[in-house]
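Take a look at the structure set out below.
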Amino acid sequence: MEKLKFITEYELRASPKMLFPYISTASGLSQWFASKVNTMPEQRFDFQWDNESHIARQVSMRQNKGVRFEFLNTDDNESDNNYVDFRVDQSELTQSTFLRITDYSSTTDEEELKDLWDGLMDKLKEIVGS
């Protein structure tokens, strides 16, 4: 199955420290990213969209820098699973905070993905007051 690595970046008026819980915790992610997020044993999260459960493993996390969730069982041989990666960068010059999102999935329509992430980020910006 063909997959697309979609990368986009958004500027937010929030410090990395303030933004990080929204991209790394179940309670933060459930406010803007999924309708419901539950933590499970072994660094796994249960993301729910449209009453469908999607299990992901948190494969990396750097405090106030970034986090990656790899969705389990999205590839036949488990070597090319879908993932979403959130990276927080702060410009030394302007002190602006940027959230870089890498969405690797079987959704190959870039316009659809851009619209999806624009909508999600509007929600996040509203929450953090950006």
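With ring centers used as reference points, Tyr83 lies 6.0 Å or more from Phe69. Aromatic pair Phe86/Phe33: centroids less than 6.0 angstrom apart.
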From CA spacing to verdict: side chain to side chain contact (heavy atoms under 4.5 Å, CB included), Gln58, Arg44: CA-CA 6 Å; Gln58 185 182 55; Arg44 292 180 309 154; over 6 Å; no
Evaluate the side chain to side chain contact (heavy atoms under 4.5 Å, CB included) criterion for residues Ile23 and Leu99: first the C-alpha distance (whole Å), next the side-chain angles of each, then the deciding distance (0.1 Å), finally the verdict. CA-CA 10 Å; Ile23 64 170; Leu99 179 61; 4.2 Å; yes
Run Ile7 and Arg100 through side chain to side chain contact (heavy atoms under 4.5 Å, CB included) and show every step you take. CA-CA 7 Å; Ile7 301 170; Arg100 181 181 308 123; 3.9 Å; yes
Set out, in order, the CA-CA distance, both residues' side-chain angles and the distance that settles side chain to side chain contact (heavy atoms under 4.5 Å, CB included) for Leu12 and Lys125, then state yes or no. CA-CA 7 Å; Leu12 294 142; Lys125 285 178 178 181; 3.3 Å; yes
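Cluster membership check: Leu120 does not share its hydrophobic cluster with Phe98, using side-chain heavy-atom separations under 4.5 Å among Ile, Leu, Val, Met, Phe, Trp and Tyr. Connection of Leu4 to Phe71 is established within a shared hydrophobic cluster, with ILVMFWY side chains joined at heavy-atom distances below 4.5 Å, either directly or through further cluster members. Residue Ile127 is grouped with residue Phe47 when hydrophobic side chains (ILVMFWY) are merged at heavy-atom distances under 4.5 angstrom, including chains of intermediate members. With hydrophobic clusters built from ILVMFWY side chains whose heavy atoms lie under 4.5 angstrom apart, Val59 does not share a cluster with Phe45.
Contact between Pro21 and Thr25 at its shortest, heavy atoms only, is O-OG1, 2.7 Å. Between Asn82 and Ser106, the closest heavy-atom pair is OD1-N, 3.9 Å. Smallest separation of non-hydrogen atoms from Gln63 and Phe20: NE2-CD2, 3.7 Å.
Of the inter-residue distances, the one linking Leu124 atom CG with Leu19 atom CG reads 6.0 Å to the nearest 0.5 angstrom. Atom OG of Ser96 and atom CZ of Arg13 lie 9.0 Å apart (nearest 0.5 Å). Rounding to the nearest 0.5 Å places CD of Gln90 at 4.0 Å from OG1 of Thr97. Interatomic distance, CG of Leu72 versus CZ of Arg57, reported as 5.5 Å (0.5 Å rounding). Rounded to the nearest 0.5 angstrom, Asp103 CG and Leu113 CG are separated by 5.0 Å. In this structure, the separation between CG on Asn38 and CG on Leu29 is 11.5 Å, given to the nearest 0.5 Å.
Take Tyr10 and apply the side-chain hydrogen bond (donor to acceptor under 3.5 Å, both in side chains) test, not counting sequence neighbours, and it matches Asp118.
Shown here is Gln95, whose CD atom has more than 12 heavy atoms of other residues, nucleotides or ligands within 6.0 Å. Counting heavy atoms of neighbouring residues, nucleotides and ligands inside a 6.0 Å radius, atom CD of Glu11 exceeds 12 of them. Around NZ of Lys65, the count of heavy atoms belonging to other residues, nucleotides or ligands within 6.0 Å does not exceed 12.
Arg87 and Asp85 are joined by a salt bridge, as a carboxylate oxygen and a charged side-chain nitrogen come within less than 4.0 angstrom of each other.
Between the side chains of Ser35 and Gln48, no donor-acceptor pair is found at a separation under 3.5 Å. Under 3.5 Å, the side chains of Asn81 and Tyr104 contain no donor-acceptor pair of N or O atoms.
Annotation: side chain of Trp49 is not in contact with side chain of Lys36 (no heavy-atom distance under 4.5 Å). Put simply, the side chain of Val128 reaches to within 4.5 Å of the side chain of Met18, judged on heavy atoms. Proximity of Val84 to Trp117: side-chain heavy atoms (C-beta onward) are separated by under 4.5 Å at one or more points.
No donor-acceptor pair under 3.5 Å is formed between the side chain of Lys3 and the backbone N or O of Thr107. Put simply, the side chain of Trp32 gets close to the backbone of Tyr22: a donor and an acceptor are under 3.5 Å apart. No donor-acceptor pair closer than 3.5 Å links the side chain of Ser60 to the backbone N or O of Val67. Under a 3.5 Å cut-off, the side chain of Asp109 and the backbone N or O of Glu111 do form a donor-acceptor pair.
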